[in-house]
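Each remark here refers to the structure printed beneath this line.
Below, read A as the first sequence line, B as the second, and so on, with proteins coming before strands; counting in each chain starts at 1. It should be emphasised that the depicted structure is a prediction, and the values quoted were computed from it without experimental measurement.
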Amino acid sequence: MPHELPKAYDPGAIEEKWAQYWVEQKLFHLETPASAADVFTLLLPPPNVTGRLHMGHMLNQTEMDIIIRWHRMRGHKTLWVPGTDHAGIATQMMVERRLESEGKKRAEMGREAFVERVWEWRRHYGGAILGQMKRLGASVDWQREYFTMDDNLSRAVREAFVRLHEAGKIYRGAYIVNWCPRCVTAISDLEVVHEEVQGKLYEVHYPLAMASSSRAQADASQSAGSLGPSTASQGAGSPAPNATPSQGAGLPAPNATPSQGAGLPAPNAAPFKFEGALAPGTFITVATTRPETILGDVAIAVNPNDERYKSWIGKTVLVPLMGREVPIIADDWAKPEFGTGAVKVTPAHDPNDFAIGQRHDLPQLNIMDEHARLNENAVAYQGLDRYVARKRVLADLESQGLLGQVKDHLINVGKCDRCKTVVEPRLSTQWFLQVQGEIAQRAIDAVEQGHIRITPENYKTIYLNWMRGIYDWCISRQLWWGHRIPAWHCAACKEVNVAREAPAKCRKCGNADLAQDTDVLDTWFSSALLPFTCFGWPEKTKDLEVFYPTSLLITGFDILFFWVARMIMMGTWFMGGESSAGVSPAVAAGVPPAAPTPALSAPIDLSNAVPFKEVYIHALVRDKERQKMSKTKGNVLDPIEITERYGTDAVRFTLASMAAPGTDIAFNEERTEGYRAFANKIWNAARFIFMNVERARQAGVLELINSQLTIQDLAKDGRLEDVWIYSRLNSTALQINAALNEFRFDEAATRVYDFFWKDFCDWYLEAIKLRLEFEDQKPVNREAAASALFFMIYVFDNTLRLLAPFMPFIAEELWNALHKGSPFFKPISLSMFPTGDFKDIDLEIEEEMRVLQNLVADIRNLRVYLGAPPKQPLEIEIWVLDEWEQVIRNNESIIEKLANVQSINYIYEAEQLGPNTRQRPEFQVRVVYEKQIDVAAERERLTKELKKLETELANAQRNLANESFLTKAPASVVEGIRKREAELKVLIEKSRAALSELPA
RNA sequence: AGGCCCGUAGCUCAGUUGGUUAGAGCGCUUCCUUGACACGGAAGAGGUCGAUGGUUCGAGUCCAUUCGGGCCUACCA
């Protein structure tokens, strides 16, 4: 059992070894059990395959690992599934950058070669983050590692897509979507980050057309047909824009008739020049923040109730710089109080305008290409970048006298989450998942009905609010890296064939000329399916049966909507029985959502459909100034680097001890330093223990403790310190289990820390040193030495196990040092976690120990106060309450040892103690040491103490004199105050006496 | 615009359903290299709990208002 340990704790020397050992021994692998009983499953939020571990990961993984190790040690069949995410945009961007450095371009390579290149990259460098996880000791089941682009997972994604399509939940159509001109793809609402910037609000004058007001809608809509291609899906390789959004009947297909009409100037002509004069009443003024979109205007809208403009409705105006004649229409969207009350309508470039356009049958004039450069529809401005065009448009407006007031205006610009390019609302044909209605409703029900518990609870509201206002999800991306949409377009009849595998011919016309849709799915689409696809869905596997629903999800707030919400939607959909009537597609982006309709079918039992039973949302790791860590700020901490300096255990412990639910973590290395010191403390306590075990062995004491006695037997009539530490151990274990049950990682960590350092090291080990004194290799008292050894080892062993989830490396190292070689040895990760037992908590003993601790502290205080040499044993005099005398007498040796006391004299008249005492309700003590003390300082101290006591007494007495306090407060509180009152009286009396005895 | 969170010792944070004396770590002051540990030990100093008002026998804790800091959501041109 005993081992020689190096003098100082060196994490680097032990951690790598155990990290490797755990993986090699497959310690965390779980064979599929026969039943779901006692199974605990956790899914790792898959990091990007391109990712590097950051502090957020480390916090996330530390928490998961603590929970997982805790469950495993409690005997549950514990499974933690790791994997990586293919991360469409991020990975594609990264490989593109590499290609660039080789002078190659994606477009030149072609799709197939490019995708092959990405795979090659992933084979060589992908998943480095998992290697980092291994080093940090994450106890995942490496035998079950997945990648979201694996064959089986890809098959599952296709299956899910097809089934959703068959259920009428997936539709395709031309809508305004968020478009990143740099990534050249559509992105979802969630991938847009909003930023308030100072912009301008420009007023622009639109001259009334010369034609009379009798020219109305008919003409306007006629000209609509002449506006040229409207909904051009010019995204990289998008399919021909032939589909129509399946809105209600009666709407004209917005993207029909791409004919180039007459009456439009030839491309690259000079902008239309307005020659007339702007007399009052001959023009209407609108306000805009994006003047370049004027080029795509197809109407002006005013509020029907706006008196100023009532007579204008139905007239037409000329679009500046274009000369196009467009109608003035009445629409509620125009708010009289904003700007001039008149709003320009650009259906192809703004979600609201798109909606207006649909209400009024307006054409959709797209003036930009996929890079947000102006296209041929912008005529004179063709080829210009949107911001260049903006400047040019403004200059031209100004020169023609059409630019009115320009005001500062705060605008909320949407930027691409990935590359921070300003998003351009773009009309394009995309695939949507209809989550509004049934799918969202199930996800709402699952949480509302309590099948999923969310901690901290306020995230439940956030989740529900979001889910209730959800828009349909744009799931197509114009990328090459990802799951390609399983739809094939027929060259002949344009039919879209959605199928699991490539069909041989068009199901409608039989033509064999089919081309697969070029879009891929949003990466989150596949992630949303993971809780069941990673267990083999759509096959009815044993894994799926026993591991689904997973038990818990631990993740950060940032992906609550991206991932958590979508897993709940997909889980409750697919695992709750997908059955659904085909509901007509609802609204896409930019159109106000309808309230989710209740499920059509009978209520579904969602209890086992949910992807997880419980969600714990953790906080953000910030730097020590509470700033968000970001590469641009340069305040990013590399967890691996910090780990190398302080040890993984110390970093883990830092994160755990700061992880109070709901509070962001301001990571401070000074804390980590402190926890490395804690590890060092544990290390040295182990050295002390091993040293004594070795001595005991040599003295022949060790065999005494191998008896049949249990710890409970020994504790029953053991010495005070033994029973005390055993009691403390039990309450600590209970508290830690309770804390972990509520994700109170901070609480749990603090409890181990305090118990180990303060109770076990500072008091228990110090107290038993006098029982572990060996003279000439012979213990002074064999029985006392044996029981001390027994308790010491027992408590240390248990503490290591309590510590193991938090600091697995040092725990494993010392555990092995303690036990390896014993017949029933197993790694600490597979040992049993102490649960604690209420009946082994002895509050009376804890109270006795508290009094002894107070006495020792008071003596030490007096010693320092009197300036006594630390090493000189001194005599003390003590007055003690009768009922406490025996306790003190029984433990004199401890007092002598811990306070360096030579002898204890009992005084039965407190007055005889004289000055320079310390008093507690149970005792008053004096240290016999003659030295002039600082009378003034002592008087100040006593006065201060007295005042404090008197204030407290006054408060207590006021309460006790208060009738309503006595009647309304709980009896225990009243009794507590009564007791305290009595104590205070004694203390005050003694303090006064001490004060009066001070020399003048 | 709506919603949420935070404000407690010099610093970073605990304080669970309102209940006796508001805690910890780091930092600071003084002392101690005693055979586990100076990544240590001992003793100490330091807070009218952002402000105001209210509910209550009793408020750091509940309510309102307010100031300061942060976050999320949102289609106002």
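Using C1' as the reference atom, B:G50 and B:A45 are 25 Å apart when rounded to the nearest Å. For B:G68 and B:C28, the C1' atoms lie 28 Å apart once the distance is rounded to whole Å. Between B:C6 and B:A51, the two C1' atoms lie 16 Å apart (nearest whole Å). Distance check on atom P: B:C76 versus B:G69 gives 25 Å, rounded to whole Å. Comparing the P positions of B:U66 and B:U20 gives a spacing of 32 Å, expressed to the nearest Å. Rounded to whole Å, the separation between the P atoms of B:A24 and B:A43 comes to 12 Å. With both ends at atom P, the span from B:C71 to B:G10 equals 26 Å, rounded to whole Å. With both ends at atom P, the span from B:U61 to B:C49 equals 9 Å, rounded to whole Å.
As a whole-Å value, the separation of A:Leu949 CG from B:U20 P is 17 Å. Distance, A:Phe688 CZ to B:C39 P: 20 Å, rounded to whole Å. B:C37 atom C1' lies 14 Å from atom OH of A:Tyr9, rounded to whole Å. Rounded to whole Å, the distance from CE on A:Met467 to P on B:A74 is 14 Å. When the P atom of B:A36 is taken as reference, atom CZ of A:Phe760 falls 14 Å away, rounded to whole Å. Taking atom CD1 of A:Ile977 as the reference point, atom P of B:U21 lies 7 Å away to the nearest angstrom. In this structure, A:Leu866 atom CG and B:A43 atom C1' are separated by 12 Å, rounded to whole Å. When rounded to the nearest whole Å, the span between OH of A:Tyr471 and P of B:A74 equals 8 Å.
Side-chain N/O atoms of A:Lys7 include one lying less than 4.0 angstrom from OP1 or OP2 on B:C37. Considering only side-chain N and O atoms, A:Lys335 lies nowhere under 4.0 angstrom from the phosphate OP1 or OP2 of B:C75. Between A:Lys944 and B:A45 there is no side-chain N or O to OP1 or OP2 distance below 4.0 Å. Contact annotation: A:His194 side-chain N/O to B:U73 OP1/OP2 distance is not under 4.0 Å. In terms of phosphate contacts, A:Trp466 brings no side-chain nitrogen or oxygen within less than 4.0 Å of OP1 or OP2 of B:C4. Distances shorter than 4.0 Å separate none of the side-chain N or O atoms of A:Arg671 from OP1 or OP2 on B:U12. Note on A:Lys769: every side-chain N or O is 4.0 Å or more away from OP1 and OP2 of B:C37.
For A:Glu670, the side-chain atoms get nearest to B:C26 when compared with the rest of B:U33, B:C26, B:C75. The A:Asn458 side chain lies nearest to B:C5 when the options are B:C5, B:C39, B:G40. With B:C39, B:G46, B:A36 as the choices, the nucleotide that has an atom nearest any side-chain atom of A:Cys761 turns out to be B:A36. Nearest to the side-chain atoms of A:Asn955 among the listed nucleotides B:U21, B:C76, B:G19 stands B:U21. The side chain of A:Arg676 sits closest to B:C39 out of B:A43, B:C39, B:U12. The nucleotide whose nearest atom lies closest to any side-chain atom of A:Arg695 is, among B:G35, B:A77, B:A14, B:G35. Nearest to the side chain of A:Glu952, among B:U20, B:G35, B:C75, sits B:U20. Of the candidates B:C75, B:C31, B:G40, the closest approach to any side-chain atom of A:Trp757 belongs to B:G40. Taking every side-chain heavy atom of A:Arg744 into account, B:A14 is the closest of B:A77, B:A14, B:C37. Here the side chain of A:Lys758 is nearest to one of B:A24, B:C39, B:A43, namely B:A24.
Although no hydrogens or angles enter the test, the distance criterion places no donor-acceptor pair under 3.5 Å between the side chain of A:Arg978 and the main chain of A:Val973. Listed for the A:Asn684 side chain is a donor-acceptor partner under 3.5 Å among the backbone atoms of A:Asn680.
The base of B:C37 sits within donor-acceptor range of the side chain of A:Lys681, with an N or O pair under 3.5 Å. Contact of A:Glu766 with B:A42 (side chain to base): no donor-acceptor pair of N or O atoms is detected under 3.5 Å.
Nucleotides of RNA chain B nearest to A:Asn959 and A:Asn465 differ in position, and the one nearer the 5' end is that of A:Asn465. Where A:Phe561 and A:Lys344 each meet RNA chain B at their nearest nucleotide, the meeting point lying more 5' is that of A:Phe561.
Pairing for B:G7 is with B:C67, a Watson-Crick or G-U wobble pair whose two hydrogen-bonding atom distances lie under 3.5 Å. Base pairing annotation: B:C13 forms a Watson-Crick or G-U wobble pair with B:G23, both donor-acceptor distances under 3.5 Å.
Side-chain polar atoms of A:Asp331 and A:Asn303 form no donor-acceptor pair below 3.5 angstrom. At a cut-off of 3.5 Å, with distance as the only test, a side-chain donor of A:Tyr646 or A:Glu669 sits close to an acceptor on the other residue.
Taken to the nearest 0.5 Å, the OG atom of A:Ser188 stands 12.5 Å off from the CZ atom of A:Phe561. Atom CE of A:Met55 is separated from atom CG of A:Leu59 by 9.5 Å, given to the nearest 0.5 angstrom.
For the pair A:Arg918 and A:Tyr865, the cation sits on the ring face: its NZ or CZ lies under 6.0 Å from the ring centre, inside 45° of the axis. A cation-pi contact, defined as under 6.0 Å to the ring centre and within 45° of the axis, links A:Lys769 to A:Phe688.
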